[in-house]
Amino acid sequence: MSFSHKISDEYFARAANVIPGGIYGHVAPVAGLPRHFPHYIRTAEGCRFEDVDGNQWLDFMCGFGTILHGYLHPEIESAALAQRQLGAVFNQPSPVMVELAESLTQKVNFADWALFAKNGSDLTTWAVRVAREYSGKPYVVKARGAYHGVDAWCDPGLGGKIKEDKSKVLEFTWNDIDELKRVFSSHRNQISSIILTPYHHAAFSPSVMPSETFWADVETECQSNNIILILDDVRVGGRLNDGGSHKYFDFTPDMAVYSKGLGNGYAISACVGKDFLKDASKEVFLTGSCWNDAVAMAAAIKSLEISHSENVAESILAKGDYFVKGMAEKASENELPFILTGPTSMPYPWFEGDENLFRIQKFCEIAAGKGLYFHPHHNWFISNAHGQNDLDEAIELAGEAMRDLVRLESV
Ligand SMILES: Cc1ncc(COP(=O)(O)O)c(C=O)c1O
């Protein structure tokens with residue numbers, strides 16, 4: 001079975017006239033998302049959505065991670081609505097900004113201050129600049145293949161670049177502490193910061209968890225070289241621990257950036273930091289047209305409150321464990337070398353030996369025909385709205401998709 005995408009296609013044809021590429025970025029059909037997914041979505045609730053052609057989907061992408069509690073979560077929507085009735089953007093911030101900063105500094109154990117923008121990229125770049133302002137040193141270190149946003153120093157794309165964009169960026173291989181030490185010593189007294197995700201979740205390849213000693217070693221090396229440790233928690237955020245991923249992996253960064261999941265679909269990002277960086281942070285100009293948007297802040301306050309009161313990180317990890325176990329059983333019944341890598345609540349799908357990604361693409365295409373939204377080369381997301389029935393249904397349908405795949409490959 002495959003769904004009709006007639007209306008999606010009509011919108012896409014119109015879009016191609018007036019929007020460069022029709023759809024751009026990582027959800028562009030050319031760049032990332034294969035043809036059998038809908039181009040346009042009409043509405044979503046809980047863990048399901050309906051596309052513009054009326055097809056119903058059981059979702060495992062959660063708005064690429066922005067949805068933590070489920071689409072249209074009633075309490076978050078009422079908090080947003082209550083604020084919307086007062087207004088969203090004014091000449092000055094609303095008091096909800098103060099309340100959100102207080103909430104984050106209470107909930108994130110090392111945070112003495114917080115400030116807000118709209119996207120992850122706004123604040124990963126800003127945090128790197130704060131570290132430079134504090135230390136006066138130009139270089140930033142990152143893990144090879146890690147994504148930190150769309151700005152020129154870290155954007156993985158090819159267009160519009162000049163070589164100077166990345167001239168102050170150094171790289172090492174995730175988990176390779178010896179290489180990190182070599183990078184640190186080759187640029188002694190020239191490195192202001194290192195920016196790292198909590199585990200390595202590069203696109204197009206299996207996720208890699210930190211080795212047992214990775215984070216302790218990174219902390220030691222940062223301390224002995226006076227390098228500021230920036231945690232890019234944009235994607236993972238409250239998904240491993242309600243207080244931030246550093247608590248799950250037991251280390252302490254100097255600054256952390258959050259975005260996806262923070263406002264449960266409302267556009268907001270936050271950077272939190274330690275007191276010693278507060279003065280430097282005042283010197284790095286930060287603003288945006290709608291960044292004072294009180295609606296997104298009200299949603300974020302409620303979202304954080306629910307994360308804590310309902311132990312959401314623990315809950316989605318338990319759901320993830322159940323899902324990954326069920327998927328492993330289906331893979332074994334079908335004798336397929338299929339694994340889900342990384343944390344179980346945000347698993348990345350991989351077929352052993354499938355370096356060209358053809359097999360995972362075919363599997364996700366077949367699964368899409370059964371109403372499962374499984375992305376072939378990005379980690380999936382489980383939200384707290386995924387119930388046992390939803391997971392059972394997904395596992396069953398995925399098992400059927402695996403059977404169909406085996407059948408197709410045998411002819
Ligand atoms: C780890 C990480 N950092 C930064 C970003 C950039 O965030 P945004 O797309 O909100 O600018 C992303 C987005 O996917 C991300 O996953």
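Start at 1 and go down the list; that is how both ligands and their atoms are numbered.
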With heavy-atom distances below 4.5 Å as the criterion, would you say the side chains of L391 and Q388 are in contact? no
Quickly, which of F49, Y373, F12 forms a ring pair (Phe, Tyr, Trp, His ring centres under 6.0 Å) with F37? Name it, please.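 It is Y373; the other options fail the test.
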With sequence neighbours excluded, tell me which residues meet ring pair (Phe, Tyr, Trp, His ring centres under 6.0 Å) with F172.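 Here no residue qualifies.
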Close-range residues for ligand 1, whose non-hydrogen atoms fall below the 4.0 Å threshold: N119, G120, S121, Y147, H148, G149, T197, H201, D232, V234, R235, K260
Is there a donor-acceptor pair under 3.5 Å between the side chain of K166 and the backbone N or O of D155?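 Looks like yes, one N/O pair under 3.5 Å.
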Donor-acceptor pairs under 3.5 angstrom involving side-chain atoms of residues 56-68: please list them, not counting sequence neighbours.
residue, atom, partner, partner atom, Å
Q56, NE2, E50, OE1, 3.1
Q56, NE2, G54, O, 3.3
W57, NE1, D51, OD2, 2.9
D59, OD1, M61, N, 3.0
D59, OD2, C62, N, 2.8
D59, OD2, Y71, OH, 2.7
T66, OG1, G63, O, 2.9

Listed once per pair and sorted, the ring pair (Phe, Tyr, Trp, His ring centres under 6.0 Å) pairs that draw on residues 291-321, sequence neighbours left out: none
